[in-house]
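Below: the structure, in structure tokens.
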2 protein chains.
Amino acid sequence: MTLIEKTKKRLIRKKLVNRGDVLVVGVSGGADSVTLLYLLQALQHELGIQIHVAHFNHQLRRGANKDQVFVESLAKKFGLPFHTKSWKNPKSVEDLARKERFKFLTETAQKVNADAIVLAHHKDDLAETILMRILRGAGLQGLQGILSKKTLYGYTFIRPLLETSRFEIESFLKENNIPFRIDPTNKQPDFFRNKIRLKLLPLLEKEYSPNIKELLVNLGRNISTDYEYLDKQADAFFQNLVKNPSAKNSLQLDIKKLKKCPEAIERMVIRKAIAHLKGNTNRMALTHLDEISDLLDNRPVKSIVHLPGGIKVQKTSTSLIISK
Amino acid sequence: MTLIEKTKKRLIRKKLVNRGDVLVVGVSGGADSVTLLYLLQALQHELGIQIHVAHFNHQLRRGANKDQVFVESLAKKFGLPFHTKSWKNPKSVEDLARKERFKFLTETAQKVNADAIVLAHHKDDLAETILMRILRGAGLQGLQGILSKKTLYGYTFIRPLLETSRFEIESFLKENNIPFRIDPTNKQPDFFRNKIRLKLLPLLEKEYSPNIKELLVNLGRNISTDYEYLDKQADAFFQNLVKNPSAKNSLQLDIKKLKKCPEAIERMVIRKAIAHLKGNTNRMALTHLDEISDLLDNRPVKSIVHLPGGIKVQKTSTSLIISK
């Protein structure tokens, strides 16, 4: 099966796209996103999808403008609408650039009334991400890695290449004589992710586990299925024990019901409450959840636990009050 | 808090021992098990436990007999019953030795009518185990790592030092001037586990994640809570959809009910059925579960999937028949 056929099969089987969908495809000009664009445009009529090309010019390095010209001409060649934004920030940092790129993509999606934003993350990215999360500390949620379909702030993101290896992408480009741009910063091992890709993964492959990438990807798949189920279960408990579900600044959880939850559910419900208040559970570690358990089980009424991001958890005789 | 006090607290909080318990403590004579024995004997009257010392002499290396003499004199010093078995096998291999040691410990437990077998695994062992399982491929079940209490073939195993680091153990021995035996094979990086301990973990600590051990241990704790919940849920589904739960060679699962299970549960139910038939799910990989899913959803009646360990899965119009 060619990579085009495989991608088509995946898009359909995983229900990533529907006939009539408008898609915003993020294209940096590198090997991965160029492959993604070739594959999608080859399938556009068959799948009944409409493609917009979106290029974020972060101006972070020499050659950034050439990248833009390259992607623009590619879009022209395929007769596809092209969107770009040039980001000039004197204090350019990776993290900020990522946020700006996200903003650009969602704004473009809104402008063209898109059904989804398509990103070029592939199997090797997924393995790297999972390994990175293990090294930085993660629970079940983090170890899911990158999902092939995800809704964030009301936008749907799809990643059709998540089962395609970097090797397959390179072979596809070579076989079809497709030019692409090289991002020299990908080869600098001083970024944490690059160091994992360029040094740690090859070491692990050579000395410890020849198919480590495959194993990490499978671990992520395994865990995301389990997490999905746990998350659904916890949702039902959450609805049942939150006394004021529509409140925005302070949630009251029924202590009696909370104590009856299995431990795994108790922890997920607490995380859900925090996500409800501040949009995410970043920086929430196991020690924080342990402290809340201790508050619930052992500490006297009126005790308070402070969590990262300005979240406060207070115990009353009947409720656990979580507020920001 | 001293290590003795900490250990006492853990034994009680985690309900690892009960007053009146008879315990068989596995003592090799190395730092970990010698510490374990000192701690337990210091607590024996307070906790109301009765200790038997069990030493397995594997005869695998020089000094094995000296180890035995050392442990025997230690037991004598404490006035504790001593049990030993000398294992002579010309084709000595690590794996086989482990099995024989397990057999010796359970036989001793049976002989003295013990409530539990106590092992000296500590926090660093746990971190190593989890990393090893990641490198060899594991799902949720494997990533739990080592459990502080576990029942296997009807025997209860407890591990009171699982939250104690190797550093704490060494400090305890030094502070109290306690002699112990050194196992030179622990320093040979040619065993996979030793290589992880002596090379990979220090590298990860230095270059990627200074508190990797802590993170791995927390990952294991997180996952074991979640796994425990999933396992209980899956049990209920399993009871409900197995048509012949007391059969030993062939289980019939109701296809209609199985298809209605969430994916995470479906997979756990299949694993349970296999464990029911052959005692474990060793060598069952994600690809096998994928194949069974495909059998369930797409393949015609009478199709068969063969699994490792001689397990056969056949589809009929109403059942999935799993047999050995």
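A, B, ... follow the sequence lines: proteins, then strands. Residue 1 opens every chain.
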Checklist entry - If you count heavy-atom pairs under 4.5 Å between each of Tyr229(A), Tyr227(A), Tyr208(A) and chain B, which one has the most? => result Tyr208(A)

Item to check | Value rounded to 0.5 Å, distance of CG in Asn222(B) from CD in Gln141(A) | outcome: 11.0 Å

Checklist entry - Is any side-chain heavy atom of Glu207(A) closer than 4.5 Å to a side-chain heavy atom of Leu200(B)? => result no

Item to check | Per-residue contact mode, Ala285(B) against chain A (heavy atom under 4.5 angstrom) | outcome: neither

Checklist entry - Tell me, side chain or backbone of Ile265(B) under 4.5 Å from chain A's heavy atoms, or both, or neither? => result side chain

Checklist entry - Looking at Met132(B), Gln233(B), Glu214(B), which makes the most heavy-atom pairs under 4.5 Å with chain A? => result Gln233(B)

Item to check | Max heavy-atom pair count under 4.5 Å with chain B, selected residue of Glu263(A), Arg136(A), Arg221(A) | outcome: Arg221(A)

Checklist entry - Which distance, rounded to the nearest 0.5 Å, do you find between the CG of Leu135(B) and the CG of Leu204(A)? => result 6.0 Å

Checklist entry - Are Leu131(A) and Ile134(B) close enough that some pair of their side-chain heavy atoms sits under 4.5 Å apart? => result no

Next on the checklist: Taking every non-hydrogen pair under 4.5 Å, which of Ile212(B), Asn218(B), Thr287(B) racks up the most with chain A?
Outcome noted: Asn218(B)

Checklist entry - Got a sec: does the CD of Glu228(B) have more than 12 other heavy atoms crowding it under 6.0 Å? => result no

Next on the checklist: Could you tell me if the side chain of Leu230(A) sits less than 4.5 Å from the side chain of Asp226(B), heavy atoms only?
Outcome noted: yes

Checklist entry - Under 6.0 Å from the NZ atom of Lys8(B), do we count more than 12 heavy atoms belonging to anything else shown? => result no

Next on the checklist: Using 0.5 Å steps for rounding, measure from the CE atom of Met268(B) to the OG1 atom of Thr225(A).
Outcome noted: 12.0 Å

